[in-house]
There are 2 protein chains.
Amino acid sequence: MGRHREFDVEKVLDAAICVFWRKGYEGASYADLTEAAGVERPALYSAFGNKEALFRKALVRYYERYVDYVPAALQLPTAREVAAHLLQGAIDLTTRYPDHTGCLGIQGVLAGSDEAEPVRQALIEARAEAEAQLRQRFERAKAEGDLPETARPDTLAAFLMAVLHGMAVQAKAGFSRDTLEAVAEQALSTWPTDAREGSLRPKPQP
Amino acid sequence: MGRHREFDVEKVLDAAICVFWRKGYEGASYADLTEAAGVERPALYSAFGNKEALFRKALVRYYERYVDYVPAALQLPTAREVAAHLLQGAIDLTTRYPDHTGCLGIQGVLAGSDEAEPVRQALIEARAEAEAQLRQRFERAKAEGDLPETARPDTLAAFLMAVLHGMAVQAKAGFSRDTLEAVAEQALSTWPTDAREGSLRPKPQP
DNA sequence: GGGCTTTAATAACGGTCATTATGAAAAAGG
DNA sequence: CCTTTTTCATAATGACCGTTATTAAAGCCC
């Protein structure tokens, strides 16, 4: 009973992702969102709630569609492969689309009026959860003998997250893909290697 | 002739720095600025021009007063000391003041409505200039034999900037000083060392 | 001390923001 | 076909944005 919805909810979410990605949570206005989605304002409100709810749903879909390399990376056999795959995935994600570079998740953490506070907190928590998963993965690697006994999983996770975030900022500032790959290679050159396995890329300078 | 200005321009700039630092360029409103400065709106306009001009002047003072560790670092004798001093300076800057963490310069690069575009471009240029200075410093180090022949100054500069930016993001997300110092230590552990000089901190895990 | 100039403070300006009331259009049930 | 229910589109709401007239106060020169 009743009229049917005439637009595709997931397509609208994809359009919202692009807008938030390019302009951030605060920078994206409803005028931008409706124009990109081809849907009028009240339709967005009835389908998703207010702006914050729309952003959260877009963020969930963003993680599923664009940041799927993270769970994939965590299942790789060695800690070094996990790190390498994460770095490469981040480079792809932040440079693939010229009109919205960087990372949607990072955009919201920084920009900072008061009304964005709950969104910022949500992004901080998501980031902390990702780092926790990474740390646990490195602890497992240590237990498996994949990382040396002297390795500190928490430091490695924090360091890797710092490089990933820094590359996202640099991508937003217009860094080329080649430069970011050099950065990732330099970061990987610090990776602690167990005595049993040889380093894949022993020196950053060939 | 005429009435004297009753407020201190530099104190107002310092207050503006704190507001922009905490809320970013877009997130800071004139209501925030006037409240922090204790000065009414028209006084800000007559003394500094519009919001963008005020931000630019605050940014110059920010560099002078808070980021003075960068020129100091560039004059240190070895490339590794330069990098270590930059990392330590960034940690201090981004964690010293609990009410405005992170880096004022990074805040503006990301948040992204259209009217912030000139400010964003200015910050991107400033960031690029800093990286160029760093690269030139590392080229000099290479020429002086302080870095090995295989070292790539551009990569080292880009990598260091990525770690610095990543730490700024993490500081905004609430990272502790100790964690950031561990990250910096991990980043330094990759530093290419010439055969002649020993590494200061040869392994990140003690 | 009066005339002139500069600053200070109040209040208003147009514009845009997120959000929503209002009523027309469309689909399903009886 | 008519009623009911849901969605659609137009347009309005109050609040806040950056910016600026406007008016009152304060200091210097003659």
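No hydrogens, no waters, no symmetry mates; every other heavy atom, side chains included, goes into these values. If you're wondering where the values come from, they're calculated on a predicted model, not measured in any experiment. Numbered from 1 within each chain, the chains take letters A, B, ... in sequence-line order.
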[X] [atom1] - [N] [atom2] separation (whole Å):
X      : N      : atom1 : atom2 : value
B/E52  : D/dC17 : CD    : C1'   : 16 Å
A/E115 : C/dT19 : CD    : C1'   : 12 Å
A/F48  : C/dA18 : CZ    : P     : 16 Å

Practice task
Five pairs at each end of the helix from C/dG1-D/dC30 to C/dG30-D/dC1: take the axis at both ends and give me the angle between them to 10°.
Solution key: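 Rounded value for the end-axis angle: 10°.
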Looking at [X], I'd like to know whether one of its side-chain N or O atoms comes within less than 4.0 Å of OP1 or OP2 on [N].
X     : N      : answer
B/Y45 : D/dT20 : no
A/N50 : C/dA18 : no
A/H4  : C/dA28 : yes

Problem - A/K51 NZ/CZ over A/F20 ring centroid, <6.0 Å and within 45° of normal - result: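 The answer is no; the distance or angle limit is not met.
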Problem - Sub-4.5 Å side-chain heavy-atom contact between B/M167 and B/L164 - result: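 Yes, close enough: below the 4.5 Å cut-off.
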Handout entry: B/V39 side chain reached by B/V12 side chain, heavy atoms, under 4.5 Å
Key =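 Side-chain contact under 4.5 Å: yes.
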Problem - Minimum heavy-atom distance between B/V82 and B/A73, given as atom pair plus value - result: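 In this case the closest contact between B/V82 and B/A73 is CG2-O, 3.1 Å.
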Handout entry: Proximity to DNA chain C (any heavy atom under 4.0 Å), residues of residues 32-42 of chain B only
Key =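 Output list: B/E40, B/P42.
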Handout entry: Residue-level proximity of residues 7-31 of chain A to DNA chain C when a heavy atom falls under 4.0 Å
Key =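 Output list: A/A28, A/S29, A/Y30.
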Taking atom [atom1] of [X] and atom [atom2] of [Y], what is their separation to the nearest 0.5 Å?
X     : Y      : atom1 : atom2 : answer
A/L87 : A/I91  : CG    : CD1   : 6.5 Å
A/D92 : A/Q88  : CG    : CD    : 5.0 Å
B/L86 : B/L74  : CG    : CG    : 6.5 Å
B/Y66 : B/C103 : OH    : SG    : 12.5 Å

Handout entry: Closest to side chain of A/R5, choosing from D/dT20, D/dC8, C/dT20
Key =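 Among D/dT20, D/dC8, C/dT20, the one nearest the side chain of A/R5 is D/dC8.
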Exercise for the section: For this output row, return yes or no: ring centroids of A/F138 and A/W191 closer than 6.0 angstrom. Expected result: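 Yes; A/W191 has its ring centre under 6.0 Å from that of A/F138.
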Exercise for the section: Would you please indicate if the ring centroids of B/F55 and B/F48 are separated by under 6.0 Å? Expected result: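 No - the distance between ring centres of B/F55 and B/F48 does not fall below the 6.0 Å cut-off.
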Exercise for the section: Report the C-alpha separation of A/S113 and B/K23 in whole Å, then their side-chain angles, then the decisive distance to 0.1 Å, and conclude whether the side-chain contact (heavy atoms from CB on, under 4.5 Å) test is met. Expected result: CA-CA 6 Å; A/S113 85; B/K23 301 200 158 193; 5.7 Å; no
